[in-house]
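In what follows, a single structure is set out as C-alpha cells and then discussed.
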Amino acid sequence: MSLQSYLVISIILFCLGIFCVLTRRNAISILMGIELILNSCNLNFAAFSRYVTPPDDISGQIIALFGIVLAAAEAAVFLAIILAIYREFSTISPDETDTLKG
Amino acid sequence: MEFNPQQLVFYLFALLTIGSAVIVVTIKNIVYAAFALMVTLFSVAGLYVFLQADFLAATQVIVYVGGILVLILFGVMMTSGSLDLKLKLERGQLFWGGIVSLILFGLLLSVITNTPQWENVDAGASQEPTTRKIGEMLMQQEYLLPFEIASILLLVAMIGAALISRKEVRDE
C-alpha cells in the first residue's frame with residue numbers, strides 16, 4: 001500500500017464517473033456518476049492527508065468531510081430539480097428536455 | 001513476497017470498489033446500478049479505514065449509504081413509474097465518452113507515475129482516533145467559519161429543494 005495505489009483507485013473511479021456522466025441518458029444515472037467523481041476526490045484528500053502531511057495534521061480529512069456535506073446538499077437539490085422536470089415533461093432524459101434549445 | 005493479510009484486505013477492497021463502480025456505469029437496470037453504488041460507497045469507507053480516517057469512514061457510511069443512496073432510490077421510484085426501467089445507450093455517445101475518459105485516465109496516470117515526490121512517501125500514521133481532533137479543529141480552531149458556512153449551505157439547500165419540488169399553487 002502506497003500513496004500511488006490510492007491515487008490509481010481514485011483516478012479509476014474518476015474516469016468511470018466521467019464516462020457515466022457522458023454516456024447515460026437518465027438524469028439519476030448522471031447523479032450516480034457525479035457521486036463517483038466526488039468519492040474519488042474525497043479519497044484523494046484522505047490519501048494525501050495520510051501520506052504527505054504530518055500525522056497530527058488532519059486537514060485533508062476535514063476537507064473531505066466538507067466534500068461529503070457538499071455532496072449531500074447537491075444530491076438534495078439535484079433530485080428536487082429532477083422531480084420538477086419530471087412533472088413538467090414526464091421524462092428525465094437530458095436529451096428530450098430541450099425546451100430552451102434554439 | 002511474504003503473505004501479508006493487511007495487503008490482501010486492501011486489494012480486496014480496491015477490487016470491490018472498482019468492480020462495483022464498473023457495474024454502476026455499465027448495467028442497464030437503474031435499481032441494480034443503485035445497489036452497486038452502495039457497494040462502491042461501502043468499500044470506499046473501507047479504504048478510509050485503511051487511511052486511518054475512522055470518523056470519515058463512519059460519516060461516509062451514514063451520509064452516503066444512509067442518506068444519498070436512499071434519496072437516489074426515491075428519485076428512481078418517483079420518476080420511472082416502475083422499478084425495472086431499462087436504460088438506453090447510444091453507440092456514438094459510448095464511443096466518444098469512452099475516448100474522453102480513456103484519455104483522461106492516461107493523462108492522470110502519467111501525472112501520478114511521473115511525480116517523484118509521491119514515490120515512497122509516508123509521513124507515518126498516528127494511532128489515536130481522529131474524532132476528538134476533528135471536533136476540536138471544527139469547533140475551536142481554523143475550520144469554525146467553514147463549518148458555519150456549511151451549515152448555512154445545508155439550510156439553503158433544504159429550503160431550495162423543498163421549494164423547487166413542491167407542487168405549484170396559484171391562488172387567484
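By number of non-hydrogen pairs under 4.5 angstrom with chain A, the leading residue of B:Gly75, B:Gly92, B:Ser101, B:Gly98 is B:Ser101. Of the listed residues (A:Gly17, A:Ala27, A:Ser2, A:Ala47), the one with the most heavy-atom contacts under 4.5 Å to chain B is A:Ala47. The most heavy-atom pairs under 4.5 Å with chain B, out of A:Ala71, A:Ala84, A:Gly33, A:Pro54, come from A:Ala71. Of the listed residues (B:Ile72, B:Leu138, B:Thr17), the one with the most heavy-atom contacts under 4.5 Å to chain A is B:Ile72. Options A:Val77, A:Ile62, A:Val69 differ in how many heavy-atom pairs under 4.5 Å they form with chain B, and the most are formed by A:Ile62. Heavy-atom pairs under 4.5 Å with chain A peak, among B:Ala162, B:Ser165, B:Ala157, at B:Ser165. Note: A:Asn42 leads A:Ile82, A:Asn42, A:Thr53, A:Ile81 in heavy-atom pairs under 4.5 Å with chain B. When A:Asn39, A:Leu36, A:Val52 are compared by the number of non-hydrogen pairs under 4.5 Å with chain B, A:Asn39 comes out ahead. Interface check for chain A: of the options B:Gly67, B:Gly160, B:Pro146, B:Ala150, the most heavy-atom pairs under 4.5 Å are formed by B:Pro146. Ranked by heavy-atom pairs under 4.5 Å with chain A, the first of B:Thr115, B:Thr130, B:Leu69 is B:Thr130.
Counting heavy atoms from C-beta outward, A:Phe19 and B:Leu102 have side chains that stay 4.5 Å or more apart. Side-chain atoms of A:Arg25 and B:Gln93, non-hydrogen and from C-beta on, do get closer than 4.5 Å to each other. Contact annotation: the side chain of A:Leu13 approaches that of B:Val44 to within less than 4.5 Å [non-hydrogen atoms, C-beta and beyond]. Taking the side chain as every heavy atom from C-beta outward, B:Gln60 and A:Ile68 approach each other to under 4.5 Å. Looking only at side-chain heavy atoms (C-beta outward), A:Leu38 and B:Tyr64 come within less than 4.5 Å of each other. Counting heavy atoms from C-beta outward, B:Tyr143 and A:Ser59 have side chains that approach closer than 4.5 Å. Side-chain contact between B:Ile149 and A:Phe66 is absent, with no heavy-atom pair separated by less than 4.5 Å. For the pair B:Leu108 and A:Phe14, the minimum side-chain heavy-atom distance is below 4.5 Å.
Summarising the local packing, OH of B:Tyr32 is surrounded by 12 or fewer heavy atoms from other residues, nucleotides or ligands at distances under 6.0 Å. More than 12 heavy atoms of other residues, nucleotides or ligands shown are found within 6.0 angstrom of CZ on B:Phe10. Residue B:Glu142 places its CD atom among more than 12 non-hydrogen atoms of other residues, nucleotides or ligands, all under 6.0 Å distant.
Under the 3.5 Å distance criterion, the side-chain polar atoms of A:Arg87 are matched with a main-chain donor or acceptor of B:Arg166. Proximity of a side-chain donor or acceptor of B:Lys133 to a complementary backbone N or O of A:Ile58 within less than 3.5 Å is not detected.
Contact record, A:Ser29 with B:Ile30: OG-CD1, 3.7 Å, taken as the closest heavy-atom pair. When all heavy atoms of B:Gly97 and A:Leu22 are compared, the closest pair comes out as CA-CD1, 3.9 Å. A:Arg50 and B:Phe50 make their closest contact through NE-O, 4.5 Å (heavy atoms, listed as atom of the first residue, atom of the second, distance). The minimum heavy-atom distance linking B:Leu153 with A:Ala73 is given by the pair CD2-CB, 4.0 Å. The shortest heavy-atom contact between B:Val25 and A:Cys20 is CG2-CB, 3.9 Å. Across all non-hydrogen atoms, the minimal contact from A:Gln61 to B:Leu51 is NE2-O, 4.4 Å.
To the nearest 0.5 Å, the span separating CD1 on B:Ile23 from CG on A:Leu16 amounts to 11.0 Å. Here the OH-CD1 distance, from B:Tyr11 to A:Ile9, works out to 8.5 Å after rounding to the nearest 0.5 Å. Distance check, rounded to the nearest 0.5 Å: CG of A:Leu79 to CG of B:Leu71 gives 5.5 Å.
Linking ILVMFWY side-chain heavy atoms closer than 4.5 Å, directly or via other members, places B:Leu12 and B:Leu8 in two distinct hydrophobic clusters. Transitive grouping of hydrophobic side chains (ILVMFWY, heavy atoms separated by less than 4.5 Å) brings B:Ile103 and B:Trp96 into a common cluster. Cluster membership check: B:Leu56 shares its hydrophobic cluster with B:Met139, using side-chain heavy-atom separations under 4.5 Å among Ile, Leu, Val, Met, Phe, Trp and Tyr. Residues A:Leu43 and B:Val39 do not share a hydrophobic cluster, defined by chaining ILVMFWY side chains whose heavy atoms lie under 4.5 Å apart. When hydrophobic clusters are built by joining Ile, Leu, Val, Met, Phe, Trp and Tyr residues whose side-chain heavy atoms come closer than 4.5 Å, directly or via intermediates, A:Leu31 is not grouped with B:Met158.
Interface remark: B:Ile134 contributes backbone and side-chain atoms alike to the contact with chain A (heavy atom separation under 4.5 Å). Both the backbone and the side chain of B:Ile18 come within less than 4.5 Å of a heavy atom of chain A. For A:Ile63, the part lying under 4.5 angstrom from a heavy atom of chain B is the side chain only. Only the side chain of B:Leu41 comes within less than 4.5 Å of a heavy atom of chain A; its backbone N, CA, C and O stay farther away. Contacts between B:Val100 and chain A at a heavy-atom distance below 4.5 Å involve the side chain alone, from C-beta outward. When heavy atoms are compared at a cutoff of 4.5 Å, B:Val156 does not approach chain A at all.
Centroid-to-centroid, the aromatic rings of A:Phe45 and B:Tyr48 stay 6.0 Å apart or farther.
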